[in-house]
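Okay, handing you the structure first.
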Protein chains: 2
Amino acid sequence: MTKSSRAAAAAPAPRSLDEVLDLIRDRGGRVTASRRLLLEVLFASPGHHSVEELAKLVQAVEPEVHLSTIYRNVEELERLGVLEHSHLGHGPATYHLTTGAHTHFVCEECGTSIEAPDALFEHLAAQALERYDFAINPHHFAIVGRCASCR
Amino acid sequence: MTKSSRAAAAAPAPRSLDEVLDLIRDRGGRVTASRRLLLEVLFASPGHHSVEELAKLVQAVEPEVHLSTIYRNVEELERLGVLEHSHLGHGPATYHLTTGAHTHFVCEECGTSIEAPDALFEHLAAQALERYDFAINPHHFAIVGRCASCR
DNA sequence: GTGCTTGCAAACGTTTTGCAGACTC
DNA sequence: GAGTCTGCAAAACGTTTGCAAGCAC
């Protein structure tokens with residue numbers, strides 16, 4: 001698979017917290033306490049988190065921060081290319097830093113999620129493009145199946 | 001994490017309306033007006049439909065049928081292997097008859113959905129199994145990307 | 001008659017929105 | 001001071017559930 005041609009901005013690589021804050025200021029946004037805190041949490045535990053989980057982490061430090069604020073910030077950060085969300089199954093979407101695109105294999109039995117590099121999808125991507133004129137971007141939805149221990 | 005007790009059953013091939021009615025009776029279910037009507041609708045327009053769409057189609061004939069009845073019947077029919085649902089993007093799940101398994105390519109721009117045969121995924125499936133010990137079942141979630149006209 | 005199925009209403013979990021006040025720049 | 005961002009409450013959305021009445025067998 002080629003470049004992850006995601007929506008808008010030619011997705012810049014991952015970055016540091018400070019770089020993100022600059023990015024926010026650059027496009028006219030304000031660096032507020034809850035925004036900075038959310039980013040600290042994200043950089044501190046860069047896995048997949050639902051909005052609810054992120055809220056819990058943020059609220060452990062600053063209980064005042066409201067769930068809807070997390071939703072709005074997460075949306076904003078996604079617009080900036082800092083975050084991505086994926087649907088790893090039923091239930092809430094999960095957000096993660098855009099560090100090296102990867103796809104998720106999620107076990108439909110136990111929910112375990114395995115990350116796989118884009119390279120694995122090169123063949124499928126080529127075929128999809130050739131035969132269906134379709135440019136895949138598998139990051140957004142997980143590929144479901146069964147993991148080794150559930151078979 | 002919701003327990004997806006579904007699956008298991010070595011999904012029998014598609015069938016006629018009457019076969020499905022027999023199947024329902026076989027396992028002790030009753031053939032009711034709304035159930036038969038839902039099946040008629042499904043066999044008459046065998047595409048992908050959200051529950052809401054199915055309800056509209058059913059209610060065009062029998063307005064009394066309640067949305068929750070469709071939900072319950074669709075769930076039951078999935079248990080019987082007659083239907084499958086997939087998540088083609090954000091928004092509601094879509095149901096379709098289990099006619100020959102296929103995977104969906106969904107354009108994240110215009111929402112168009114393209115059906116692709118399983119054969120296309122053989123290579124990926126083999127790789128996933130070999131390298132990650134993961135048995136993929138891509139039918140449940142769509143592969144997103146951009147279609148020809150949106151690029 | 002038994003017990004599966006229905007309509008209804010109400011609740012659910014996730015996400016979005018309108019608003020007045022608070023804050024960043 | 002202008003304009004962005006926040007907390008809150010409420011609603012929107014798709015889906016599930018408890019219940020009493022209704023229907024298939």
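Each chain gets a letter, A, B and so on, in the order the sequences are listed, and its residues count up from 1.
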(message) Considering every strand and a 4.0 Å limit on heavy-atom distances, what is the contact class for A/A93: base, sugar-phosphate, or nothing?
(response)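 Result for A/A93 = sugar-phosphate.
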(request) To the nearest Å, give me how far apart CZ (A/R30) and P (D/dT4) are. (result)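 Whole-Å distance recorded here is 6 Å.
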(message) Could you measure the distance from the CZ atom of B/R35 to the CZ atom of B/R72? Nearest 0.5 Å is fine.
(response)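 Result: 10.5 Å between the selected atoms.
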(request) Would you classify A/G91 as touching base, sugar-phosphate or nothing, given that sugar-phosphate means primed atoms plus P, OP1 and OP2, and contacts are heavy atoms under 4.0 Å? (result)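 No contact at all - A/G91 keeps every heavy atom at 4.0 Å or more from the nucleic acid.
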(request) Side-chain contact test, heavy atoms from C-beta onward, threshold under 4.5 Å: evaluate it for B/V144 versus B/F105 and give yes or no. (result)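 No, every pair of side-chain atoms sits at 4.5 Å or beyond.
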(message) Nearest to the side chain of A/S68, heavy atoms from C-beta on, is which of D/dT17, D/dC8, D/dA24?
(response)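 My answer, after comparing the listed nucleotides, is D/dC8.
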(request) Answer whether the closest heavy-atom distance between the side chains of B/Y95 and B/E84 falls below 4.5 Å. (result)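 No, their side chains stay 4.5 Å or more apart.
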(request) Let me know the distance between NE2 of A/H66 and P of D/dA9, rounded to the nearest Å. (result)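 Going from NE2 in A/H66 over to P in D/dA9 covers 7 Å.
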(request) Remember a base hit wins even if backbone is also touched, and classify B/R72 as base, sugar-phosphate or nothing at under 4.0 Å, heavy atoms. (result)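 The residue B/R72 makes base contact.
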(request) Can you tell me the distance, in whole Å, between the CD atom of A/E62 and the C1' atom of D/dC5? (result)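 Result: 15 Å.
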(message) Less than 4.0 angstrom between a side-chain N/O of B/Y71 and OP1 or OP2 of D/dT15, yes or no?
(response)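 Yes, B/Y71 has a side-chain N/O under 4.0 Å of OP1/OP2 on D/dT15.
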(message) Rounded to whole Å, please give me the gap between CG in B/D22 and P in D/dC25.
(response)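 It is 11 Å, rounded to the nearest whole Å.
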(request) With DNA chain D as reference, determine whether B/H87 or B/R25 sits nearer its 5' end, using the nearest nucleotide of each. (result)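 Its nearest nucleotide being more 5', the pick is B/H87.
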(request) For the residue pair B/V106 and B/I143, establish whether any side-chain heavy-atom pair is separated by less than 4.5 Å. (result)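 Contact flag for B/V106/B/I143 side chains = no.
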(request) Nearest-nucleotide wise, let me know which of B/L67 and A/T69 is further upstream toward the 5' end of DNA chain D. (result)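 With A/T69 and B/L67 compared, the 5'-side residue is A/T69.
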(message) I need the CD-P distance between A/E75 and D/dT6, as an integer number of Å.
(response)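 Going from CD in A/E75 over to P in D/dT6 covers 12 Å.
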(message) Using whole Å, what does the distance between atom C1' of nucleotide D/dT16 and atom CZ of B/R79 come to?
(response)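 Taking CZ of B/R79 and C1' of D/dT16, I get 13 Å after rounding.
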(request) Grab the stems for DNA chain C, please: at least three consecutive Watson-Crick or wobble pairs, both distances below 3.5 Å, written as range with range. (result)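 Paired runs of 3+ in DNA chain C: C:1-25 with D:1-25.
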(message) Using heavy-atom distances to pick each residue's nearest nucleotide on DNA chain C, tell me which of B/G28 and B/E64 is more 5'.
(response)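 This one resolves to B/G28.
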(message) Just so I know, are the side chains of A/E19 and A/D22 near enough to count as touching, which here means a heavy-atom distance under 4.5 Å?
(response)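 A side-chain contact is absent here, since even the closest heavy-atom pair is not under 4.5 Å.
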(message) Using a 4.0 Å cut-off to any heavy atom of chain B, which nucleotides of DNA chain C are the first and last in contact, reading 5' to 3'?
(response)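 The protein-touched segment is C/dG3 to C/dC8.
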(message) With a 4.5 Å cut-off on side-chain heavy atoms, are B/N73 and B/L39 touching?
(response)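 Not in contact.
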(request) Would you indicate whether the side-chain heavy atoms of A/V41 and A/V61 approach each other to under 4.5 Å? (result)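 No, every pair of side-chain atoms sits at 4.5 Å or beyond.
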(request) Examine distances only and state if a side-chain atom of B/E62 and a backbone atom of B/L37 form a donor-acceptor pair shorter than 3.5 Å. (result)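 No, because the side chain of B/E62 does not come within donor-acceptor range (under 3.5 Å) of the backbone of B/L37.
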(request) Could you tell me whether a side-chain N or O of A/Q59 sits under 3.5 Å from a main-chain N or O of A/V65, the two making a donor and an acceptor? (result)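 Judged by distance alone, yes, a pair lies under 3.5 Å.
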